[in-house]
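A quick write-up on the structure given underneath.
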There are 2 protein chains.
Amino acid sequence: MTFAEENYLKTIFYLEQEATEGVSTSAIADYLDTRAASVSDMLQKLAKKELIEYKKYYGAILTHNGRNHAILVIRRHRLWETFLVEKLHFGWEEVHEVAEQLEHIKSEKLINAMDKMLGYPKIDPHGDPIPDANGNFTKIEKRLLADCEEKWTGTIVGVKDTSSDFLKILDRKQINLGTVFYILNKEKYDGSIRLKIEDESIALSQKMASNIYIKVISMQNSE
Amino acid sequence: MTFAEENYLKTIFYLEQEATEGVSTSAIADYLDTRAASVSDMLQKLAKKELIEYKKYYGAILTHNGRNHAILVIRRHRLWETFLVEKLHFGWEEVHEVAEQLEHIKSEKLINAMDKMLGYPKIDPHGDPIPDANGNFTKIEKRLLADCEEKWTGTIVGVKDTSSDFLKILDRKQINLGTVFYILNKEKYDGSIRLKIEDESIALSQKMASNIYIKVISMQNSE
DNA sequence: TTAAAATTTTAGACAAATCTAAATAAAATA
DNA sequence: TATTTTATTTAGATTTGTCTAAAATTTTAA
């Protein structure tokens, strides 16, 4: 399996989650910053290897084999990201480029040993789930912070309002991509929410909470 | 810089140490298990990039640039090997294949962080020196075990006599490539040597000691 | 429902790295 | 020194992954 093939499988896996039908040639081309013609060639190659099902002009979906391999590449990527942040103290922005290279290193023994060293983490520094050695992982749906309940634990994955004003407020409150929070309290009266982030208590209005995407880590009282 | 180019530079670096003149096409082809024609092509490419000096039918030598890059690749390789053995508890045989892949990961920050995490090691698990961030390393000369003294620590790097009979004896005594030993005692009378290997005491005749190449790790009493 | 626009595929080309087979140069030897 | 052997290079082909330009198909819209 070449680097290029692995990158295509990983991309198709991502895009499949949002697509209703097959993943289109142009969606892949956009994502990988390549030309539709190149994608078309590769899809036929992957289809011949039975890693995807592919009908011309219809798009691609992963086969059982293809999905397994895509999940393996994602497992490698997310474990390396975790290693870089936890053990080598890389910042959020710095990990992606390096993990894009490391995710193609072929050694089952290596990746399972990394997993063990890191204590079998379930979530990577961005809040995305890490597949285990059998390829199982809990799918985490992103939702608005405003739709969460008291005592949940989650991680910030994005914003709806991308205005500089809003981002500045988040910055000031130390809310970044990947920040893990615990919901101390949700006020029924006005929908305002109080979070605990790194042992500090932070208040957010309903309006702010409606503009922050999060992924739920736990819906139980983990304190 | 592609993987292939880096592998050629690394190979030329190794072979230069033994060659008197330029490194020959066929020596590189042998080492990389490839064809002379392929090597010839690549040498011209590397010469055009000013990574080697190359005269037809004469062989190659590294330029300043080429040498620096070769040393960087070797630094990466040996740091990864050290990581695999020290942190992930890989065996001697298992590290090489994986390190061959990892040595091509491009990130200065990554490799320097690994170096720091490992405590800036000077020698890899095979007893080979690890270049520092500036490319400096102490060249370790291989010598015969028979020419060593009491209380030295070293590592096995090769044999002079490659007969199956001799190798069987070494196997039985648990002496392998990479084995680290401490010289407990050297008998002046007959030149016989007693080693400590993994807390076991092993006796070798002068004849055997004259057929084993080692690298000195320490000439001080490290016990 | 037919014409225009957008998407997708095919055809042909290219760079990288390899190969085999043939040509050429260097080294060894008679 | 002339000839044979060995080593090296060149020529031409192949695979992988990409590209541009052109052809084919699907979608959109008049």
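Computed from a prediction, not measured in an experiment: that's the story for all the values here. So you know, we letter chains A, B, ... as the sequences are listed, proteins then strands, and number each from 1.
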May I ask you to verify if any side-chain N or O of [X] is less than 4.0 angstrom from the OP1 or OP2 atom of [N]?
| X | N | result |
| --- | --- | --- |
| A:Tyr8 | D:dT18 | yes |
| A:Tyr57 | C:dT10 | no |
| B:Tyr54 | D:dT9 | yes |
| B:Ser26 | D:dT8 | yes |

When the distance from [atom1] of [X] to [atom2] of [N] is rounded to whole Å, what number comes out?
| X | N | atom1 | atom2 | result |
| --- | --- | --- | --- | --- |
| A:Lys56 | C:dT10 | NZ | C1' | 8 Å |
| A:Lys49 | D:dT16 | NZ | P | 7 Å |
| B:Asp41 | C:dT20 | CG | P | 13 Å |
| B:Ile28 | C:dT18 | CD1 | C1' | 16 Å |
| A:Lys55 | D:dT25 | NZ | C1' | 15 Å |
| B:Met42 | C:dC19 | CE | P | 11 Å |
| B:Gln44 | C:dA15 | CD | P | 17 Å |
| A:Glu5 | D:dT15 | CD | P | 15 Å |

- Message: Quick check with a 6.0 Å cut-off and a 45 degree axis cone: is A:Lys109 positioned over the face of B:Phe90's six-membered ring?
- Response: yes
- Message: Between B:Glu53 (side chain only) and B:Ala47 (backbone N and O only), is there a donor and an acceptor less than 3.5 Å apart?
- Response: no
- Task: For the pair B:Asp190 (side chain) and B:Ser192 (backbone), establish whether a donor and an acceptor sit closer than 3.5 Å, ignoring hydrogens and angles.
- Result: yes
- Task: Show your working on side-chain contact (heavy atoms from CB on, under 4.5 Å) between A:Phe166 and A:Ile212 and close with a plain yes or no.
- Result: CA-CA 10 Å; A:Phe166 185 52; A:Ile212 297 175; 3.8 Å; yes
- What residues 29-38 of chain B contributes to the DNA chain D interface at heavy-atom separation below 4.0 Å is B:Ala36, B:Ala37
- Query: Which distance, rounded to the nearest 0.5 Å, do you find between the OG1 of A:Thr63 and the CD1 of A:Ile52?
  - Reply: 8.5 Å
- Between A:Ala4 and B:Ser24, name the one whose nearest nucleotide on DNA chain D is closer to the 5' end. B:Ser24
- Applying ring pair (Phe, Tyr, Trp, His ring centres under 6.0 Å), run through A:Tyr8 and A:Tyr14 and close with a yes or a no. CA-CA 10 Å; A:Tyr8 273 88; A:Tyr14 281 130; over 10 Å; no
- Message: With a 4.0 Å cut-off on N to O distance, would you call A:Arg75 and A:Asp115 a salt bridge?
- Response: yes
